[in-house]
Amino acid sequence: MGDVFKEQIVKRQSTFRDMLIKACLVILVLLVGLIVLINSPQLGVLVIFALGFGARFLMSYLSVEYEYVFTNGELDIDIIYDRARRKRVFSSHVKQIEIMAHIDDKNHEGAFGSAQETRDYSGGVPGPNTYVFLIAHESKKLKVIIEPNDKMLKAISTTLTRNKLHLRPGVILTS
């Protein structure tokens, strides 16, 4: 049997909070820049550029994508800021997953209630491809929310047993 490799990018949806932060940063830059410009015109231009650069840097952390990489049973999740900076946020073998179910599956809510921490690596809006899994990771019980497409689910299903993977009704994984 050959190697299994699947990857997927999921973009996090912008929220009202993200837009509010961006608006506040712009207003702050303009107000502070205007105050400094009035008091010291030579220094004002430099301060405006510095504040604008800093605000742009902070705003880049609001543009988030997650990359899921499944390689021979290993699931790695990276966070990508502004399509430029990447950081590994999760890595584990899929066999360590205790249970995985669709986020709307009420039959397994009790199992997910035992989680000590929840990590959301999805697009932010629950949908038909939003799943949650429970795993012992870094000496904690984690509830992890992801949004795998059908190809990623198929790859995960080759490693997880049927009693651990509970697909949403109507999903049939084909080759």
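All values below come from the heavy atoms of this structure, side chains included, with hydrogens, waters and symmetry mates left out.
In this structure, CG on Leu75 lies 8.0 Å from CD1 on Ile135, to the nearest 0.5 angstrom. From Tyr81, atom OH reaches atom NZ of Lys87 across 6.5 Å, with rounding to the nearest 0.5 Å. For the atom pair Asp120 CG and Lys143 NZ, the distance stands at 9.5 Å (nearest 0.5 Å). If you take CD on Glu65 and CG on Asp78, they are separated by 11.5 Å, rounding to the nearest 0.5 Å. Summarising the geometry, atom CD1 belonging to Ile103 is positioned 9.0 Å from atom CZ belonging to Phe112; distances are rounded to the nearest 0.5 Å. The distance from the NZ atom of Lys141 to the OG1 atom of Thr118 is 13.0 Å, given to the nearest 0.5 Å.
Counting non-hydrogen atoms of neighbouring residues, nucleotides and ligands closer than 6.0 angstrom, the CZ atom of Arg85 exceeds 12 such neighbours.
The cluster map of Ile, Leu, Val, Met, Phe, Trp and Tyr, joined by side-chain heavy atoms under 4.5 Å apart, puts Leu134 and Ile145 in the same cluster. Follow the hydrophobic side-chain contacts under 4.5 Å out from Met100 and you reach Val4 in the same cluster. The cluster map of Ile, Leu, Val, Met, Phe, Trp and Tyr, joined by side-chain heavy atoms under 4.5 Å apart, puts Val32 and Val29 in the same cluster. No continuous path of hydrophobic side-chain contacts links Leu58 to Val64 [ILVMFWY only; heavy atoms under 4.5 Å].
Proximity of Asp82 to Arg56: side-chain heavy atoms (C-beta onward) are separated by under 4.5 Å at one or more points. Leu142 places none of its side-chain heavy atoms less than 4.5 Å from the side chain of Phe133. Between Ile9 and Ile80 there is a side-chain heavy-atom pair separated by less than 4.5 Å. Proximity of Ser63 to Lys11: side-chain heavy atoms (C-beta onward) are separated by under 4.5 Å at one or more points. Using a 4.5 Å heavy-atom threshold, the side chains of Lys6 and Tyr68 count as separate. Using a 4.5 Å heavy-atom threshold, the side chains of Glu138 and Glu117 count as separate.
Screening residues 7-38 for ring pair (Phe, Tyr, Trp, His ring centres under 6.0 Å) gives no qualifying pairs among residues at least two apart or on separate chains. For residues 30-54, no residue pair satisfies the salt bridge (charged side-chain N to carboxylate O under 4.0 Å, His left out) rule, not counting sequence neighbours.
The residues Arg88 and Glu74 are annotated as not salt-bridged, no charged nitrogen and carboxylate oxygen being separated by less than 4.0 angstrom.
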* **Steps toward side-chain contact (heavy atoms from CB on, under 4.5 Å) verdict (Lys164, Ile97)** => CA-CA 8 Å; Lys164 290 185 176 184; Ile97 291 176; 5.6 Å; no
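Judged purely by atom type and a 3.5 angstrom limit, Gln8 uses its side chain to pair as donor or acceptor with the backbone of Asn149.
Every residue was checked against the side-chain hydrogen bond (donor to acceptor under 3.5 Å, both in side chains) condition with Gln116, not counting sequence neighbours, and none meets it. Partners of Thr130 under the side-chain hydrogen bond (donor to acceptor under 3.5 Å, both in side chains) rule, at least two apart in sequence or in another chain, do not exist in this structure.
Contact detail for Glu147 and Ser122: the closest heavy-atom pair is OE1-CB, 3.6 Å. The shortest heavy-atom contact between His93 and Asn72 is NE2-O, 3.8 Å. Residues Met152 and Phe70 come closest through the heavy atom pair SD-CB, 3.6 Å. The two atoms that bring Glu98 and Ala136 nearest to each other are OE2-N, 3.9 Å, heavy atoms only. In terms of heavy-atom proximity, Val89 sits nearest to Ile79 at CG1-CG2, 3.6 Å. Residues His137 and Ser92 approach most closely at ND1-CB, 4.1 Å, considering heavy atoms.
Taking the six-membered ring where the residue is Trp, Tyr131 and His102 present perpendicular rings, their angle passing 60° and hence far from 30°.
Among Val132, Ile77, Asn129, Leu153, the single residue meeting the side chain to side chain contact (heavy atoms under 4.5 Å, CB included) criterion with Ile146 is Ile77.
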Without placing hydrogens or testing angles, list every side-chain donor-acceptor pair under 3.5 Å for residues 18-26, not counting sequence neighbours.
from  : atom 1 : to    : atom 2 : distance (Å)
Asp18 : OD2    : Arg12 : NH2    : 3.4
Asp18 : OD2    : Thr15 : N      : 3.2
Asp18 : OD2    : Thr15 : OG1    : 3.4

Distance-only criterion, 3.5 Å: show the donor-acceptor pairs between side-chain atoms of residues 39-54 and protein atoms not counting sequence neighbours.
from  : atom 1 : to    : atom 2 : distance (Å)
Asn39 : ND2    : Ile35 : O      : 3.2

